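Contents: one structure, followed by commentary.
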Amino acid sequence: MPSRRFDPGRRALRHRRVRKSVSGTEARPRLSVFRSNKQIYVQLIDDTAGRTIVAASSRETGIDGGKIATAAAVGEAIAKKATDAGVKQAVFDRGGYKYHGRVKALAEGARSGGLDF
């Protein structure tokens with residue numbers, strides 16, 4: 001009989017591998033991305049204190065474009081919230097997702113909004 005061990009999946013393995021080296025501080029928090037089938041969420045996290053500084057999602061932007069346009073708008077929204085909170089630099093955590101499509105659009109939107117990573 002085959003073993004029924006838990007298989008975390010490829011994204012979870014990539015995410016675990018990335019998180020070994022990526023950690024956020026108060027001066028340079030971690031920009032964490034989560035992508036579902038319909039929405040995209042992003043947070044700036046201070047890992048030393050264990051708290052979320054600011055967060056943004058596609059649920060609050062109200063953009064009626066495609067998924068990539070919405071992701072770019074979420075990137076600009078998180079950059080605006082970050083500058084209001086006094087954060088200028090961040091460490092990008094792609095969450096185990098490949099760097100293309102919505103994740104890339106979010107990162108470019110955050111960069112165009114003034115966040116440096």
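Side chains are part of it too, since the values below use all heavy atoms of this structure and drop only hydrogens, waters and symmetry mates. Numbers for residues simply follow the sequence, beginning at 1. Treat the numbers as computed from the prediction; the structure is a model and nothing was measured.
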Under 3.5 Å, is there a donor-acceptor pair linking the side chains of Q39 and S58?
-> yes
Residue pair G114 / A79: nearest heavy atoms and the distance that separates them =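 What the structure gives for the nearest pair is N-CB, 4.3 Å.
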For V103 and K98 the tightest heavy-atom approach is CB-O, 3.9 Å
So if you build clusters from Ile, Leu, Val, Met, Phe, Trp, Tyr with side-chain heavy-atom gaps below 4.5 Å, do [X] and [Y] land together?
{"X": "I78", "Y": "Y41", "value": "yes"}
{"X": "V18", "Y": "Y99", "value": "no"}
{"X": "V74", "Y": "F34", "value": "yes"}

What's the separation between atom [atom1] in [X] and atom [atom2] in [Y], rounded to the nearest 0.5 Å?
{"X": "I40", "Y": "R102", "atom1": "CD1", "atom2": "CZ", "result": "5.5 Å"}
{"X": "K67", "Y": "L106", "atom1": "NZ", "atom2": "CG", "result": "14.5 Å"}
{"X": "H100", "Y": "R94", "atom1": "NE2", "atom2": "CZ", "result": "10.0 Å"}

Examine distances only and state if a side-chain atom of [X] and a backbone atom of [Y] form a donor-acceptor pair shorter than 3.5 Å.
{"X": "D47", "Y": "G24", "value": "yes"}
{"X": "R30", "Y": "I45", "value": "no"}
{"X": "R11", "Y": "G95", "value": "yes"}
{"X": "R19", "Y": "V22", "value": "yes"}

F92 and F117 aromatic ring geometry - parallel, tilted or perpendicular at 30°/60° bounds =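 Judged by the thresholds at 30° and 60°, the geometry between F117 and F92 is parallel.
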Test Q43 against T52 for side chain to side chain donor-acceptor pair (under 3.5 Å), laying out the working first.
-> CA-CA 7 Å; Q43 301 179 56; T52 299; 2.9 Å; yes
Give a yes/no verdict on a cation-pi contact between R14 and Y97, requiring under 6.0 Å between NZ or CZ and the six-membered ring centre and an angle within 45° of the axis.
->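 So R14 doesn't make the cation-pi contact.
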Stepwise side chain to side chain contact (heavy atoms under 4.5 Å, CB included) check, K88 with L115 = CA-CA 5 Å; K88 293 181 174 49; L115 201 56; 5.9 Å; no
With K81, which of I53, V87, V54, V42 fulfils side-chain contact (heavy atoms from CB on, under 4.5 Å)?
->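 Single side-chain contact (heavy atoms from CB on, under 4.5 Å) partner of K81 among I53, V87, V54, V42: V54.
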Can you list the steps and then say if V91 with L31 is a side chain to side chain contact (heavy atoms under 4.5 Å, CB included)?
-> CA-CA 6 Å; V91 178; L31 185 73; over 6 Å; no
Considering residues, nucleotides and ligands other than Q89, do more than 12 of their heavy atoms fall under 6.0 Å from its CD?
->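 Counting neighbours around CD of Q89, more than 12 heavy atoms of other residues, nucleotides or ligands fall under 6.0 Å, so yes.
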